[in-house]
Amino acid sequence: MSRRRFVCGNWKLHYGVLETTQVIDQIIRGLDDLKHVDVVVAPVMTTLFAACNQAKKSNLQIAAQNVFFEPKGAFTGEVSVAHLRELGCQYAIVGHSERRRYFAETNEIVAKKVKACLEGSIAPIACIGETLQEREQGRMHEVLTSQLEAIFSVVEHATLPYVIIAYEPVWAIGTGKNATSAGAQEVHAFVRGLLVDQFGHVANQVRILYGGSVNPENAAGLMDEPDIDGVLVGGASLKPDSFLAIAHA
Ligand code: PGA
């Protein structure tokens with residue numbers, strides 16, 4: 001089963017409009033003929049309008065770092081799936097560990113966001129991952145299973161291929177301590193197994209990304225593994241050269 005590779009840069013709370021458009025310009029120029037990979041960046045919310053306009057007619061695609069699950073109403077400060085769609089945004093990162101940690105996003109909230117994305121034709125990049133403590137307590141599989149079950153509860157066979165799962169062990173994010181390729185593959189195979197148990201063969205169409213201290217040196221090794229279909233990159237995606245090196249890996 002061949003799944004199209006997926007490389008996504010998560011710019012977190014970094015560039016404003018000016019820097020975003022400068023960096024996107026360099027990325028677009030560096031992508032030229034890279035047609036067999038989905039290359040995506042997720043810039044700050046206020047830059048999405050400019051970023052989406054700039055990326056139109058290029059190989060670069062744009063993701064939001066977050067989205068709200070309600071379509072409209074008295075929800076001060078929130079942005080809906082339809083708002084993202086209107087800009088031309090194709091993806092939204094949902095349930096990143098920083099959102100779970102600092103913004104109290106539970107599995108239930110993550111599931112609602114995944115559901116809203118699928119209903120509104122935005123492909124969710126749904127993040128899962130265990131903390132160091134959970135791993136050391138031998139609870140990794142239990143934690144990943146409950147995170148995935150929440151997501152599975154809102155997905156159907158027909159919508160499953162649009163879901164992208166990002167396995168990001170929390171202890172590897174921004175720490176420089178990435179999982180080894182073999183270690184990450186083991187977890188990805190476990191995730192794939194749960195997907196297959198729940199949905200059958202269509203699960204083989206789902207892309208599972210690895211995230212956590214990915215850089216130009218380790219990206220190719222990770223993506224050589226059979227169940228690692230791409231990467232979600234934080235720090236190393238901020239510089240066009242290193243992000244392009246990862247995309248070309
Ligand atoms: P990192 O972040 O690459 O800086 O570890 C990854 C992420 O948070 O998505």
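- Environment of CD in E86: sparse, with no more than 12 heavy atoms of neighbouring residues, nucleotides or ligands closer than 6.0 Å.
- Atoms CG and SG, on N10 and C127 in that order, are 8.0 Å from each other to the nearest 0.5 Å.
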message: For a side chain to side chain contact (heavy atoms under 4.5 Å, CB included) check, start with the C-alpha distance between V214 and L232, then their side-chain angles and the critical distance, and finish with the verdict.
response: CA-CA 8 Å; V214 173; L232 182 53; over 6 Å; no
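- Between A245 and P216 the shortest heavy-atom distance is CB-CB, 3.9 Å.
- Residue L87 is grouped with residue V81 when hydrophobic side chains (ILVMFWY) are merged at heavy-atom distances under 4.5 angstrom, including chains of intermediate members.
- At least one side-chain heavy atom of L84 sits under 4.5 Å from a side-chain heavy atom of M45.
- Note that CD of E108 and OG of S153 are 9.0 Å apart. Values are rounded to the nearest 0.5 Å.
- For the pair C52 and C89, the tightest heavy-atom approach, listed with the atom from each and the gap, is SG-N, 3.8 Å.
- Residues G95 and V110 approach most closely at CA-CG2, 3.6 Å, considering heavy atoms.
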- request: Please test T20 against V44 for side chain to side chain contact (heavy atoms under 4.5 Å, CB included), starting from the C-alpha separation and ending with a verdict.
  value: CA-CA 9 Å; T20 293; V44 170; 5.7 Å; no
Could you go through residues 222-230 and list every donor-acceptor pair under 3.5 Å that involves a side-chain atom there, pairing it with any protein atom two or more places apart or in another chain?
unit_1 : atom_1 : unit_2 : atom_2 : d
D227   : OD1    : R192   : NE     : 2.9
D227   : OD2    : Q185   : NE2    : 2.9
D229   : OD1    : R3     : NE     : 2.8
D229   : OD1    : R3     : NH2    : 3.3
D229   : OD2    : R3     : NE     : 3.1
D229   : OD2    : R192   : NH2    : 3.0
D229   : OD2    : I208   : N      : 2.9

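- Looking at E98 and K12, a side-chain N of the basic residue comes within less than 4.0 Å of a carboxylate O on the acidic one, giving a salt bridge.
- Sorted by first then second residue, the side-chain hydrogen bond (donor to acceptor under 3.5 Å, both in side chains) pairs that include residues 34-51, not counting sequence neighbours, are R4-D38, D38-Q61, D38-R207.
- A continuous path of hydrophobic side-chain contacts links V39 to V231 [ILVMFWY only; heavy atoms under 4.5 Å].
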- request: Start with the C-alpha gap between S213 and T175, add the side-chain angles, then the distance that decides, and say whether side chain to side chain contact (heavy atoms under 4.5 Å, CB included) holds.
  value: CA-CA 7 Å; S213 297; T175 58; 3.8 Å; yes
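- Among pairs with a residue in residues 207-248, none fulfils ring-ring contact (aromatic ring centres under 6.0 Å, His included), at least two apart in sequence or across chains.
- At least one donor-acceptor pair under 3.5 Å links the side chain of K113 to the backbone N or O of V67.
- Think of I173 as one node in a network of Ile, Leu, Val, Met, Phe, Trp and Tyr side chains linked at under 4.5 Å; it has no links at all.
- Residues V170 and V191 do not share a hydrophobic cluster, clusters being chains of Ile/Leu/Val/Met/Phe/Trp/Tyr side chains in contact below 4.5 Å.
- Using a 4.5 Å heavy-atom threshold, the side chains of V94 and I125 count as separate.
- With side-chain heavy atoms closer than 4.5 Å counting as contact, directly or through intermediates, the hydrophobic cluster containing I109 also holds F68, F69, F75.
- If you run side-chain hydrogen bond (donor to acceptor under 3.5 Å, both in side chains) between T131 and each of Q133, R135, E134, only E134 comes through.
- Taking CG from L148 and CD1 from I128, the interatomic distance works out to 4.0 Å, rounded to the nearest 0.5 Å.
- Between the S237 side chain and the G9 main chain, no donor and acceptor come within less than 3.5 Å of each other.
- Note: the hydrophobic cluster containing I122 also contains L48 (ILVMFWY, side chain heavy atoms under 4.5 Å, direct or indirect links).
- Put simply, the side chain of R100 reaches to within 4.5 Å of the side chain of Q147, judged on heavy atoms.
- Residue pairs meeting the ring-ring contact (aromatic ring centres under 6.0 Å, His included) criterion with at least one member in residues 3-31, sequence neighbours excluded: F6-Y91, W11-Y15.
- The distance from atom CD of E217 to atom CD1 of I246, rounded to the nearest 0.5 Å, is 8.5 Å.
- With sequence neighbours left out, N53 forms a side chain to side chain contact (heavy atoms under 4.5 Å, CB included) with F49, K56.
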Name each donor-acceptor pair under 3.5 Å that joins a side chain in residues 155-166 to protein atoms two or more places apart or in another chain, with its distance.
unit_1 : atom_1 : unit_2 : atom_2 : d
H157   : NE2    : F199   : O      : 3.0
T159   : OG1    : E156   : N      : 2.9
T159   : OG1    : E156   : O      : 3.1

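- Counting heavy atoms from C-beta on, the side chains of S146 and N107 come closer than 4.5 Å.
- In terms of heavy atoms, V40 sits closest to I62 at CG1-C, 4.0 Å.
- Between the CD1 atom in I27 and the NZ atom in K239 there is a gap of 11.0 Å [rounded to 0.5 Å].
- Considering every non-hydrogen atom in both I28 and A55, the closest pair reads CD1-CA, 4.1 Å.
- Atom CD in E130 sits 11.5 Å away from atom CD in Q137 (nearest 0.5 Å).
- Using modelled atom types, one finds a donor on one side chain and an acceptor on the other under 3.5 Å when comparing H96 with E168.
- Remark: R99 pairs with E105 by the salt bridge (Lys or Arg N to Asp or Glu O under 4.0 Å) rule, at least two apart or across chains.
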query: So N204 and V196, side chain to side chain contact (heavy atoms under 4.5 Å, CB included) or not? Walk me through it.
result: CA-CA 7 Å; N204 289 315; V196 170; 4.2 Å; yes
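- Under the 4.5 Å side-chain contact rule for hydrophobic residues, Y167 and I93 do not share a cluster.
- Scanning for salt bridge (Lys or Arg N to Asp or Glu O under 4.0 Å) contacts around D25 gives R29, with sequence neighbours left out.
- Residue pairs that meet the side-chain hydrogen bond (donor to acceptor under 3.5 Å, both in side chains) test with at least one member in residues 114-129, sequence neighbours left out, are K115-E119.
- For the pair A150 and A111, the tightest heavy-atom approach, listed with the atom from each and the gap, is O-CB, 3.3 Å.
- In terms of the salt bridge (Lys or Arg N to Asp or Glu O under 4.0 Å) criterion, R101 has no residue partners (sequence neighbours excluded).
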